[in-house]
Structures are given as structure tokens and as C-alpha cells.
Amino acid sequence: MDRIGLPEIPSRTVSIEDFGGIGDGITLNTNAFADAVAHLEALGGGRLVVPAGIWRTGPIELRSNMDLHVERGAVIVFDPSRNLYPVIHTSFEGLETRRCESPLFAQDAHDISITGGGVIDGSGQDWRAVKKSKMNSAQWKAKLASGGVLSEDGKTWYPDEGFILAEKNANMNVPDASLPDSLIKSFLRPVMVSLRNCENVLLKDCVFQNSPAWNIHPLLCRNVIVDGITVRNPEYSQNGDGIDIDSCTGVLLVNSSFDCGDDGICIKSGKDEDGRRRGVPCSRIIVDGCTVFHGHGGFVVGSEMSGGVKDIKVSNCRFLGTDVGLRFKSKRGRGGVVSGIWIDNIRMTDIATDCLLFDLFYGGKSATESREDGAPADEPALPVDETTPAFRDIHISSVTCSGADRAMYFNGLPEMPVKGISIEDCTISASRGIELRYSEDVSLRGVTVNAADGEPLKTYKVSNIIQE
């Protein structure tokens, strides 16, 4: 892996206030940000300072050689008015589709950064649908009082009728092309920070919170450093991922924390035919010293991994109260190969389902929700082709987990077992032991699984080939 350097930003500095910006939480500063960015771009770049205050605005586009410096005490709040966000062609959840432009974005830019320690808020509560089952009674009452509409069964809140119509007619989040953008804009909710085909990127110290969909999405980027950031979304936030690193090469993600409504740290590379056509793997990534609180998974690969994932090191991380600790997921139809993953020195507590999960029958649900469907039935093997996903050459060591429902669950494909997995020097406290289905060449060395009272648990194994 080549050394990743910091972006090169010219020393000149301007303030958003120099362009008429007012941080009173009332004034809309969209034009002030656009004018400041255009001014810096004309000079060859520099630092745009956002001082203490509440800065209400529409979308902000970063250009090359530019630092958005959000000072501590500053809060950028993206106004949720739909007319501020044009519909663009982009990629979401691994598929080519149309979505609203992201509140904070860069396209084909180089040497860009977001720094300073301030807060960036996406006003996601005005965009997201939410299930009644995911809220407590007080939260649900407040949500109903905010306006919006309910589903026919009264179990889901939507911001408007257009969202419901689009969802009914969508194919995996891709809307019906005949529906007009103006009607379904809420359904086309954007990721909050979108970095598309950018190089030499730094995100440092800031708080990123309350995103309409995913929080941070670097896509097809090269040489990215994420250091010391905090990412926050409500537990109930639909698609409220922390960071989704998608078909990127050369990424350092360090010393950061995530508290999310979906996966915390997730590695992706496109979905199904769209992902295979793109054909760009996620590779050469280091994740170190990070903490994930609530979320569907602490460190996650997939399910959109059709372009492949390789050469990743994860170390010195903590997962506290996530649904799953280490989560690898995919399904038939994806294709792609995940290999060369090294995970070391992980601490977990209060994991709702599995400390370690491989699930090649992923059905679009969280692991907790999948449990409600019961045990999977035996599946016949299908022919192996380009749509068959493969997970192999994955090495996990020095994991300590205090409290999980199950220690490990491997659920590979009968035609493509999870293969070449080594697990060493791990101590896990769980209610259930280890279950392996459709797995091959699995090595467990120095792995201890105990019940909460300290008594050893027997493991339960079902697979075509197991080697220990």
C-alpha cells in the first residue's frame, strides 16, 4: 500500500461571512456558500472558514484544492426544502439510479478536505421514513405530531404520499422511471456527504449527523484519510449507515466513532450487474482505532460487493451494542470476490446476535430481523457463474467479546462455500456456540466460547467440509 499524503490546500483563507453569510439559524446561506466556493476556485483554492453560529443552507459543492473548515461552535444545518436539491444521476446502494443531490458533495475533485471540529447536520428527520416498531412511544408520538402521512397499516411514518407511491413501485430503491421527480423527491433522499471520483481527500475532527440516507459515501475515490470524526444517526434511521467506502483504493479510517441506525463501517463495490459492469474493487484499506456503538454491524463487508473487495486491515476497534460485530453479507446474483481481509485486536460487548457472521443468503434485513424468520432451509447447489459471490482468505485474531447471542454463524452457498477462514486466539462469551453451514477450510485455533457463567459451550456445525 502506497503512503497516503494529506491534500494540498493553498494557504489563502476566506470566511463565509465575507460573502454575506449570516449564522443566525434563520438566514438561508446557499448563495453565500456558492459565491465563496466560486471565489476560491477562481484563485486556485484555499480554506473556507465557517465560524461559530448556526448556518442554514442548501447544498454545498466542494471544488479542488479546497478545505471547508467548520470551526468548533459552528453548525451547518442543511435545509430540507426539496426545491433546493436537484435530481441527478448517481449510484445508491450499488445501483445506477437517480437521487437528490447530496447536501455536501464533490465530483471529480482533488485535494479537498472537511476539517475544524464543527457539526454538519443533514436534517434527516424530514426525509426518512420510520417504522413504529423502531421507536419508543414518546418518539412515535412526536413523529406523528410533526406532520407526514402513515402507511395503510399505521406501522410506518412517511414524509409525504409521494414517498409511499415511489416505494410501492420501486425496484430495489430504483424508482419507476414514469414517476415525476417533483412527486417523489422525498423517496429520492440523498446520502449526506457524497464524494464521487475524488482524489486526495481528508475528513478530520468534525461531527457528521442526521443524514437523509447514508451519512458519508466516498465512491470511486483514491487516497482518502478519515481521522477523528464522529458520525451520529438515530438508532431507528432507515439506511442510516455511518460510512460506506465504495469502490475506493487507498483509504485510512482511524480514531473515529460511529453511532448509527444501520451498518457502522461498511465496505462496498456495487450491486449485481451494475457493480460487475463498474468492475472496481474496494482495496488497500486500513481501519484502526475506531468505535461503533449502535448499528446493524460494527465492521461490515457487503452486501453490495459485486466489484470485489480485497486487501483490508482492521485493527484495534471496539463494537459496543451493535447487532453484529464482524458482518460479511451477500447473496446469489451479486458475483464478486471478497479476499485478503485481516482483522486483529477487536473488543466487543453486548452484541445482539452474532459476534462473527458470514451470511450469503442475505435478504435485506438486519441480523436481528432475520432471526424472526427462523432457521434457513437447506438449499440445493446452483451452477457457479459470474453472479456467484465468493468469500475467502479471511483472517481474524485476538477478538474478545463479552456478551453475544451466538459466537459465530457461517452460512455460505452450497455451490460456493465460505472458504479459507482462519480464526485464532479469540475469547467469546455467548448464549450459543458456533454454527457453520456450507463452509470449507475453516481453521479455529485458540478459540474459547463460554456461556455467561463461564462454562464452555459446545459448538454445533453443519457444512460440506470442515477442517479444524
Side-chain angles (χ1 to χ4, degrees), residues 4 6-7 9 13-17 21 23 25 29 32-33 36-37 40 45-63 65-79 102-106 109 111-124 190-195 198 200-218 221 223-234 237 240-245 248 251-261 264-265 287-293 295:
I4 299 175
L6 294 172
I9 310 293
T13 297
V14 300
S15 170
I16 188 64
E17 293 177 316
N29 292 285
F33 276 105
V37 168
L40 282 175
R47 170 176 286 187
L48 172 55
V49 174
V50 182
I54 299 178
W55 302 88
R56 178 170 157 257
T57 183
I60 300 171
E61 180 179 6
L62 292 181
R63 303 290 179 86
N65 302 111
M66 197 169 297
D67 172 36
L68 178 64
H69 189 78
V70 188
E71 293 186 339
R72 295 187 187 275
V75 181
I76 294 176
V77 177
F78 288 103
D79 189 293
S102 292
L104 183 52
F105 69 97
D111 295 283
I112 57 175
S113 60
I114 304 169
T115 64
V119 176
I120 298 170
D121 188 300
S123 298
V191 302
M192 189 173 79
V193 180
S194 174
L195 306 170
C198 295
N200 302 335
V201 176
L202 172 66
L203 306 181
K204 185 171 175 58
D205 296 337
C206 289
V207 176
F208 299 86
Q209 67 175 28
N210 202 15
S211 56
W214 295 348
N215 207 308
I216 301 172
H217 182 208
C221 292
N223 299 340
V224 177
I225 300 175
V226 181
D227 182 6
I229 69 169
T230 299
V231 177
R232 302 171 63 242
N233 270 338
S237 55
D241 295 27
I243 184 168
D244 293 272
I245 302 170
C248 294
V251 179
L252 298 179
L253 170 55
V254 298
N255 306 323
S256 297
S257 67
F258 302 84
D259 196 345
C260 304
I265 300 168
V287 179
D288 186 83
C290 293
T291 302
V292 181
F293 298 95

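Being a predicted model, the structure only gives us computed values, none of them experimental. Values below: all heavy atoms of this structure, side chains included; hydrogens, waters and symmetry mates excluded.
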Discussion item. Would the distance check show the side chain of Ser256 and the main-chain N or O of Val254 forming a donor-acceptor pair, the cut-off being under 3.5 Å?
Written reply: yes
Worksheet item: Are any of the side-chain heavy atoms of Phe78 and Leu104 separated by less than 4.5 Å?
Response: yes
Worksheet item: Does His69 have any ring-ring contact (aromatic ring centres under 6.0 Å, His included) partners at least two apart in sequence or in another chain, and if so, which?
Response: none
Worksheet item: Are any of the side-chain heavy atoms of Ile225 and Val201 separated by less than 4.5 Å?
Response: no
Worksheet item: Could you give the distance from CG (Asn210) to CD1 (Ile120), rounded to the nearest 0.5 Å?
Response: 13.0 Å
Worksheet item: Which pair of heavy atoms, one from Ser113 and one from Leu62, lies closest together, and at what distance?
Response: O-CD1, 4.1 Å
Discussion item. Let me confirm one number: the CG-CD1 distance from Leu48 to Ile16, rounded to the nearest 0.5 Å.
Written reply: 5.0 Å
Item to complete: Please name the residue in the list Val287, Leu253, Asn215 that meets the side-chain contact (heavy atoms from CB on, under 4.5 Å) test with Ile243.
Response: Leu253
Discussion item. Quick one, Val207 with Ile229, criterion side chain to side chain contact (heavy atoms under 4.5 Å, CB included). Give me CA distance, side-chain angles, the key distance, then yes/no.
Written reply: CA-CA 6 Å; Val207 176; Ile229 69 169; over 6 Å; no
Item to complete: Look only at the side chain of Asp121 and the backbone of Ser123, and say whether a donor-acceptor pair between them is shorter than 3.5 Å.
Response: yes
Item to complete: State, yes or no, whether a side-chain contact exists between Val193 and Trp214 at a heavy-atom distance under 4.5 Å.
Response: no
Worksheet item: Counting only N and O atoms by type, is there a donor-acceptor contact under 3.5 Å from the side chain of Thr115 to the main-chain atoms of Lys204?
Response: no
Fill in: Heavy-atom pair with the smallest gap, counting every atom of Leu195 and Cys221
O-SG, 3.2 Å
Discussion item. Between Ile216 and Asp244, is the side chain to side chain contact (heavy atoms under 4.5 Å, CB included) condition met? List the steps.
Written reply: CA-CA 6 Å; Ile216 301 172; Asp244 293 272; over 6 Å; no
Discussion item. Regarding Asp259 and Arg232, does a basic nitrogen lie under 4.0 Å from an acidic carboxylate oxygen?
Written reply: no
Worksheet item: At what distance, to the nearest 0.5 angstrom, does CG of Leu68 lie from CZ of Phe33?
Response: 6.5 Å
Item to complete: Kindly write out the residues that satisfy salt bridge (charged side-chain N to carboxylate O under 4.0 Å, His left out) with Glu61, not counting sequence neighbours, or none if the list is empty.
Response: Arg63
Worksheet item: Hey, is the main chain of Val191 close enough, under 3.5 Å, to the side chain of Ser102 for a donor-acceptor pair?
Response: yes
Worksheet item: How many angstroms lie between CZ in Phe208 and CG in Leu203, if you round to the nearest 0.5 Å?
Response: 5.0 Å
Worksheet entry | Any Gln209 side-chain heavy atom under 4.5 Å of Val119 side chain | yes
Worksheet item: Of all heavy-atom pairs between Asp79 and Arg56, which one has the smallest distance, and what is that distance?
Response: OD2-NE, 2.5 Å
Item to complete: For the residue pair Ile60 and Pro103, establish whether any side-chain heavy-atom pair is separated by less than 4.5 Å.
Response: no
Worksheet item: If you look at every heavy atom in Trp55 and Gly23, which pair is closest and at what distance?
Response: CZ3-N, 3.2 Å
Fill in: Atom pair CD1/CG of Ile112 and Asn200 - distance to nearest 0.5 Å
9.5 Å
Practice prompt. Enter the distance from Leu252:CG to Asp227:CG here, rounded to the nearest 0.5 Å.
Written response: 9.0 Å
Practice prompt. Provide the closest heavy-atom pair for Cys290 versus Ile265 in the form atom of the first, atom of the second, distance.
Written response: CB-CD1, 3.9 Å
Fill in: Smallest separation among heavy atoms of Val49 and Pro51, with atom names
O-CD, 3.5 Å
